[in-house]
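Notes follow the structure.
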Amino acid sequence: MRSALVTGGSSGIGLAIATMLAEEGFALTLAARGRDGLDRAAADLSTPVTWIAGDLRTEDAVAAAVAHHGDEYGRLDVLVSNAGVGAGQYVEELTARRIDLQLDLNLRTTMLLYREAAPLLRATAAQEGRALVVTIASTAARGVPWLSVYGAAKAGVIAFTRSMIQELGPDGVHSCAVIPGTVDTPLVASADRAELLPPSDIAEVVRMLLRLSPQAVVPEVVVEPRGEARRQAPR
């Protein structure tokens, strides 16, 4: 049975992707910090699910999540690096604590996930012809005020993903950075949530990636709410 590991899988974009993967017949491992949220998410998914709680900013927690998945399923067809955090501050207000939090969880964790999962991904690709890594970035990588550190971390995710396309692609491990605009998740404060992307849209992008042939390489997919796309359009 095909299997997937989803970080930040207990809510928001991660849970939407996990739900889609369950519909596609994948067994799942969910990894996040909160045990209660993971337990609730797993109970609602119609597929074999295991979960592991831990602070994914730490090297030990990342290694434990990948090892847990490998012990449970013995293969890894899809890795979704989704765990992340944004902590807005203007430049004069930046604190080292918030800088470290965002760089660690958004960027360093993605790097560590690739490192730990590479052997499983390569083995699955050798057997099945393909494995897939999806990293969740953000249009904030273009540069925005107040979210400068978050944007810088997500720009790093995009660059690192492109490097992994070159490094792991010859072994059949495909990578794609999915780059959404503002998504309707509990972490986003908005007066008009109808203007935001539903998390299911991001899940549908991942579904599309699953259905491509092994010949197709998609380095990036950008998905924006209509309002944000209009603001970015040249005049």
Side-chain angles (χ1 to χ4, degrees), residues 1-33 37-38 41-42 45 47-54 56-57 61-70 72-73 75-85 105-118 120-121 124-125 128 130-138 153-154 157-158 160-161 164-165 168 173-180 183 185 187 197-212 218-221 223:
M1 187 177 191
R2 294 181 299 171
S3 69
L5 168 60
V6 182
T7 67
S10 60
S11 64
I13 293 171
L15 181 56
I17 294 173
T19 301
M20 179 279 296
L21 290 167
E23 294 169 358
E24 293 290 327
F26 284 80
L28 296 172
T29 299
L30 306 181
R33 179 190 286 270
L38 285 165
L45 293 168
T47 193
V49 183
T50 184
W51 57 262
I52 180 168
L56 292 168
R57 292 175 297 171
V62 172
V66 175
H68 179 83
H69 181 91
E72 191 73 20
Y73 301 116
R75 60 185 287 166
L76 179 56
D77 298 83
V78 177
L79 171 64
V80 180
S81 180
N82 167 71
V85 63
L105 188 57
N106 294 308
L107 178 56
R108 181 173 178 268
T109 294
T110 293
M111 295 173 172
L112 293 173
L113 276 168
Y114 264 106
R115 186 193 73 186
E116 294 299 317
L120 269 177
L121 291 163
T124 299
E128 303 296 333
R130 185 180 187 231
L132 173 66
V133 183
V134 176
T135 58
I136 304 299
S138 169
K154 292 300 189 179
V157 168
I158 296 168
F160 192 79
T161 302
M164 292 301 99
I165 291 170
L168 300 179
V173 180
H174 292 225
S175 294
C176 179
V178 177
I179 307 170
V183 180
T185 72
L187 297 178
L197 289 169
S200 59
D201 280 352
I202 312 308
E204 289 304 316
V205 171
V206 180
R207 195 195 306 266
M208 176 271 291
L209 295 172
L210 294 174
R211 295 184 175 181
L212 297 176
V218 183
E220 301 172 7
V221 178
V223 189

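Because only heavy atoms are used, hydrogens play no part in the values below, and waters and symmetry mates are left out as well, while side chains stay in.
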Under a 4.5 Å cut-off applied to non-hydrogen side-chain atoms, are T47 and M1 in contact?
yes
Note to self: Quick one: does any side-chain atom of Y73 pair with a main-chain N or O of R2 as donor and acceptor, under 3.5 Å?
What the structure shows: no
Looking at A27, is its backbone amide N or carbonyl O close enough to the side chain of S3 to form a donor-acceptor pair, meaning the two atoms are under 3.5 Å apart? no
Here the gap from R57 atom CZ to R108 atom CZ, rounded to the nearest 0.5 Å, amounts to 10.0 Å
- Pair H68-T29, side-chain donor/acceptor within less than 3.5 Å: no
For V85 and N106, the nearest pair of non-hydrogen atoms, with its separation, is O-ND2, 2.7 Å
Between G9 and A32, the two heavy atoms sitting closest are N-CB, 4.4 Å
If we only count heavy atoms from C-beta on, is the M111 to M164 side-chain gap below 4.5 Å?
no
Correct closest heavy-atom pair for S200 and A16 would be N-CB, 4.1 Å
Exercise. Would you kindly say whether T110 and T135 are connected by a side-chain donor-acceptor distance under 3.5 Å?
Key: no
_Pair R75 + E128: basic N to acidic O under 4.0 Å_ = yes
message = Do E116 and H69 have side chains that approach each other closer than 4.5 Å (heavy atoms only, starting at C-beta)?
response = no
Value for OG (S10) from CH2 (W51), rounded to nearest 0.5 Å, stands at 10.5 Å
Rounding to 0.5 Å, atoms CG (L107) and CD1 (I158) come to a distance of 11.0 Å
Distance col, row L30:CG vs L5:CG, nearest 0.5 angstrom, shows 8.5 Å
The reported gap from CG in L210 to CZ in F26 (rounded to nearest 0.5 angstrom) is 5.0 Å
In this structure, CG of L79 is separated from CG of L120 (nearest 0.5 Å) by 10.0 Å
Nearest heavy-atom contact between T185 and G12 is CG2-CA, 4.2 Å
Contact check, side chains of D77 and L132, non-hydrogen atoms, under 4.5 Å: no
- Do T161 and V133 have side-chain heavy atoms sitting under 4.5 Å apart? no
Contact between I136 and I17 at the side-chain level, heavy atoms closer than 4.5 Å - yes or no? yes
Note: A31 and L56 closest approach over all heavy atoms is O-CD1, 4.0 Å
Taking every heavy atom of A137 against every heavy atom of I179, the minimum-distance pair comes out as CB-CG1, 4.0 Å
| field | Heavy-atom donor-acceptor pair, T7 side chain to N82 backbone, under 3.5 Å | value | yes
